[in-house]
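So that we are looking at the same thing, I have put the structure below in structure tokens.
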Amino acid sequence: MSTKTRFAPSPTGYLHVGGARTALFSWLHARKHGGKYVLRIEDTDLQRSTTESINAILEAMTWLGLDYDEGPFYQTRRFDRYNEVIDELLEKNLAYRCNCSRERLDALREGQMQRKEKPRYDGHCRGQLVTDSEPHVIRFRNPVDGCVIIDDQVRGRIVFHNDELDDLIIRRTDGSPTYNLTVVVDDLDMEITDVIRGDDHVNNTPRQVNILKALGKEPPRYAHVPMILGDDGSRLSKRHGAVSVMEYRNQGILPEALLNYLVRLGWSHGDEELFTLDQMVEFFDIKDVNKAASAFNTEKLLWINQHYIKNADPARLARLLSIHLGDLGIDPATGPDLVAVVAEQRERARTLVEMAEISAFFYRDYEDFDEGAAKKHLKAAAQEPLQQLRDRFTLLDDWEKEKLHQAVTEVAGVLGLNMGKVAQPLRVAVTGRAASPGIDITLQLVGKEACLRRIDRALEYIGTRVEENAP
RNA sequence: GCUCUCUUCGUCUAGUGGUUAGGACGCUGGCCUCUCACGCCGGUAACACGAGUUCGAAUCUCGUAGGGAGCGCCA
């Protein structure tokens with residue numbers, strides 16, 4: 001049977017990075033083996049499932065580029081099928097009706113807790129005759145002895161003793177099927193060969209295997225991948241910053257960077273850090289995934305993101321950047337060619353948001369000088385060089401970087417100053433800050449008119465500052 | 001509490017009985033340089049602990065400690 005994996009999120013929120021990594025591993029495993037990858041929405045919890053969540057998850061999957069071959073399937077549309085299986089189990093006496101009240105169940109649990117036992121159903125209704133006409137749930141008749149052996153592809157062999165397990169509910173009083181039943185049926189019907197999921201499901205696995213055995217079916221291969229922790233090693237939550245995949249997009253992270261970061265969390269291939277999607281497919285092996293949970297490190301994600309920004313197609317970056325410029329209220333059509341700006345800025349930004357921020361001055365006059373930069377560079381000593389630069393620039397018709405570079409060099413030469421003494425005040429004058437791309441290309445892209453205007457503004461600033469400091 | 005499980009630099013990891021315990025991020029010293037960044041060269045820092053097994057243990061075994069997950073008419 002050819003390989004088939006699935007990603008089965010429950011639509012009770014956005015897609016978070018842990019889910020995304022599980023999806024990536026499943027996707028890679030399927031692609032690696034030339035198999036199929038299916039998407040299934042586990043929406044049987046009618047209370048908590050929302051269409052907004054479904055859309056958010058689909059959007060995130062699309063953004064990441066984790067395309068699926070089948071689905072999305074919705075469990076809520078498969079209730080008839082689940083009932084069919086439940087009825088079959090009931091008929092074969094592999095399941096039974098239970099009318100234990102919540103009160104009895106609560107009392108049972110409380111007693112067990114007090115006796116320091118593992119809380120579980122005591123099988124009270126196993127031999128009881130409960131009719132169809134009264135309110136009841138259906139429980140699976142779990143084997144009482146023997147054990148379940150799971151040869152997990154990442155955890156290795158795990159053994160569970162049946163006497164640790166109880167008779168789980170597979171159909172609620174309201175007639176709806178429960179998770180452990182629906183996964184089993186779906187994975188069976190969809191012919192899933194490899195179940196790759198978070199390791200919070202390890203303890204459910206023996207129950208699912210027992211249901212499978214009762215149905216006379218072979219279990220799939222399992223691979224339980226560890227969780228992702230926050231920067232501080234505790235469970236990942238909103239207080240760690242972004243956890244939603246789409247939030248990373250909003251913060252200017254490239255999807256290939258997020259995928260690359262995620263694949264290296266718990267998996268490695270020698271000393272390699274950077275992988276294209278094709279390389280991931282080539283080298284990935286679910287058996288190489290680590291067992292221990294790993295902490296999400298934003299610094300490293302930013303480093304990887306910068307790598308991809310540096311190497312991305314400038315035209316594509318320009319398209320993405322224009323969105324972030326728009327967030328700043330800037331229309332890139334009103335200034336220099338965005339692709340040219342990107343070419344200069346892409347090795348200076350770790351995210352597209354950063355790139356937008358450091359590129360804003362190309363499109364509009366800065367609000368104020370950066371305080372430290374102005375203090376350091378816009379002082380009396382800068383007056384003369386700036387004035388001379390202004391004079392030369394005014395006469396310059398051919399506004400391109402070679403000529404501009406020449407002008408700056410000449411002013412430095414004439415005044416007997418090194419380049420820094422001339423270029424830095426000029427940079428602060430033109431960009432408002434102490435850091436920017438090379439001064440010549442910066443001048444060229446900002447444009448003659450804006451440069452002259454901003455130099456005047458800087459000269460004015462220096463003028464008032466000199467006056468104030470005068471005795 | 002019970003069941004399952006995890007443990008190499010701050011972080012992600014390589015390592016499968018013999019290594020100066022390697023790489024990457026971060027931090028840091030330097031080079032380059034008109035600034036920032038990129039790039040390049042260097043530094044920092046780890047086998048949780050304790051017993052075994054062995055000539056030899058990060059690697060095998062058993063404990064201990066610490067962490068995680070599960071124990072729902074949630075998924």
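Below, chains carry the letters A, B, ... as their sequence lines are ordered, and counting in each starts from 1.
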Check nucleotides 25-32 of chain B against the protein and report each pair of N or O atoms closer than 3.5 Å, with its distance, or say if there are none.
residue : atom : partner   : partner atom : Å
C25(B)  : O2'  : Lys300(A) : N            : 3.3

Determine: side-chain N/O of Thr409(A) to OP1/OP2 of C34(B), distance under 4.0 Å, yes or no. no
Categorize Gln112(A) for me: base, sugar-phosphate, or nothing, with a 4.0 angstrom heavy-atom threshold over every strand shown. nothing
Phe369(A)-Tyr461(A) aromatic ring centre distance below 6.0 Å: yes
With no angle test and no hydrogens, is the base of U35(B) tied to the side chain of Arg427(A) by a donor-acceptor pair under 3.5 Å? yes
Interatomic distance at P, U3(B) relative to U64(B), whole Å: 13 Å
Suppose you measure atom P in U44(B) against the same atom in G1(B); what distance do you get, rounded to whole Å? 43 Å
Which of parallel (below 30°), tilted (30 to 60°) and perpendicular (above 60°) describes Phe275(A) and His269(A)? perpendicular
May I ask you to say what Lys310(A) touches in the nucleic acid, namely base, sugar-phosphate or nothing, with a heavy-atom cut-off under 4.0 Å? sugar-phosphate
Hey, does Tyr366(A) have a side-chain heavy atom less than 4.5 Å from the side chain of Thr431(A)? no
Would you mind classifying the nucleic acid contact of Met113(A) as base, sugar-phosphate or nothing, using non-hydrogen atoms under 4.0 angstrom? nothing
Quick check on RNA chain B: between Cys100(A) and Gly270(A), whose nearest nucleotide comes earlier from the 5' end? Gly270(A)
Mapping Ile169(A) and Ala434(A) to their closest nucleotides on RNA chain B, which lands nearer the 5' end? Ala434(A)
Give a yes/no answer on whether the side chain of Gln306(A) brings an N or O atom under 4.0 Å of OP1 or OP2 in C38(B). yes
Could you tell me the separation between the CD atom of Glu273(A) and the P atom of C12(B), rounded to a whole number of Å? 12 Å
Could a donor-acceptor pair under 3.5 angstrom be found where the side chain of Asp271(A) meets the base of G22(B)? yes
Are Asn290(A) and U7(B) close enough that a side-chain N or O sits under 4.0 Å from OP1 or OP2? no
Taking the ring of Phe25(A) and the ring of Phe284(A), is the distance between their centroids below 6.0 Å? yes
Are Arg141(A) and Asp167(A) within salt-bridge range, i.e. N to O under 4.0 Å? no
Confirm from the modelled atom types if Thr173(A) and C73(B) form a donor-acceptor pair under 3.5 Å, side chain to base only. yes
Rounded off to whole Å, could you give me the CG-to-P distance for the Leu265(A) and A14(B) pair? 12 Å
With a non-hydrogen cut-off below 4.0 angstrom, is Ser436(A) in contact with a base, only sugar-phosphate, or nothing? base
Looking only at atom C1', what distance separates C6(B) and G42(B), rounded to whole Å? 36 Å
Indicate, with a heavy-atom threshold strictly under 4.0 Å, whether Gly266(A) touches base, sugar-phosphate, or nothing. sugar-phosphate
Return the value, rounded to whole Å, for the distance between atom OH of Tyr82(A) and atom C1' of C73(B). 17 Å
Need one value for Ile158(A): base, sugar-phosphate or nothing, where a base atom within 4.0 Å counts as base even if backbone is also close, heavy atoms only. sugar-phosphate
Could you work out the separation of C2(B) and G10(B) based on their C1' atoms and round it to a whole Å? 35 Å
Across the strands shown, which category fits Pro226(A) at heavy-atom distances under 4.0 angstrom: base, sugar-phosphate, nothing? nothing
Under a 4.0 Å N-O cut-off, is there an ion pair linking Arg457(A) with Asp365(A)? no
Rounded to whole angstroms, how far apart are NE2 on His307(A) and C1' on G39(B)? 14 Å
Would you state whether a donor and an acceptor, one from the side chain of Asp43(A) and one from the base of A75(B), lie under 3.5 Å apart? no
Taking only the P atom of each, what is the distance from A58(B) to C9(B) in whole angstrom? 15 Å
Determine the contact category for Asn418(A): base if any of its heavy atoms lies under 4.0 Å from a base atom, sugar-phosphate if only primed atoms, P, OP1 or OP2 are that close, otherwise nothing. nothing
Whole angstrom is fine here: how far is it from CG in Leu165(A) over to P in C2(B)? 18 Å
Ignoring backbone atoms, test whether Arg197(A) places a side-chain nitrogen or oxygen under 4.0 Å from the OP1 or OP2 oxygen of A75(B). no
Here the distance between atom P of C71(B) and atom CG of Asp122(A), to the nearest Å, is 18 Å
Base, sugar-phosphate, or nothing: which does Lys118(A) touch, judged by heavy atoms less than 4.0 Å apart? base
Base, sugar-phosphate, or nothing for His201(A), non-hydrogen atoms under 4.0 angstrom? base
Whole-Å distance, Asp167(A) CG to C73(B) P, equals 12 Å
With sugar-phosphate meaning primed atoms plus P, OP1 and OP2, does Arg120(A) contact a base, only sugar-phosphate, or nothing at under 4.0 Å between heavy atoms? nothing
Check every strand shown and say whether Phe160(A) touches a base, only sugar-phosphate, or nothing at a heavy-atom separation below 4.0 Å. sugar-phosphate
Gap between atoms CG and C1', on Leu108(A) and C2(B) respectively (whole Å): 15 Å
How far does the P atom of A51(B) sit from the matching atom of G43(B), given to the nearest Å? 34 Å
Aromatic contact, Tyr261(A) with Phe296(A) (centres under 6.0 Å): yes
Under a 4.0 Å threshold between the charged nitrogen and the carboxylate oxygen, would Arg221(A) count as salt-bridged to Asp152(A)? no
Could you state the interatomic distance from OG1 (Thr44(A)) to CZ (Arg78(A)), rounded to the nearest 0.5 Å? 12.0 Å
Given side chains that start at C-beta, do those of Gln112(A) and Lys118(A) come closer than 4.5 Å, heavy atoms only? no
Using a 4.0 Å heavy-atom cut-off, does Val159(A) contact any base of the nucleic acid, only the sugar-phosphate backbone, or nothing at all? sugar-phosphate
At 4.0 Å (heavy atoms only), tell me whether Ser294(A) reaches a base, stays on the sugar-phosphate, or touches nothing. sugar-phosphate
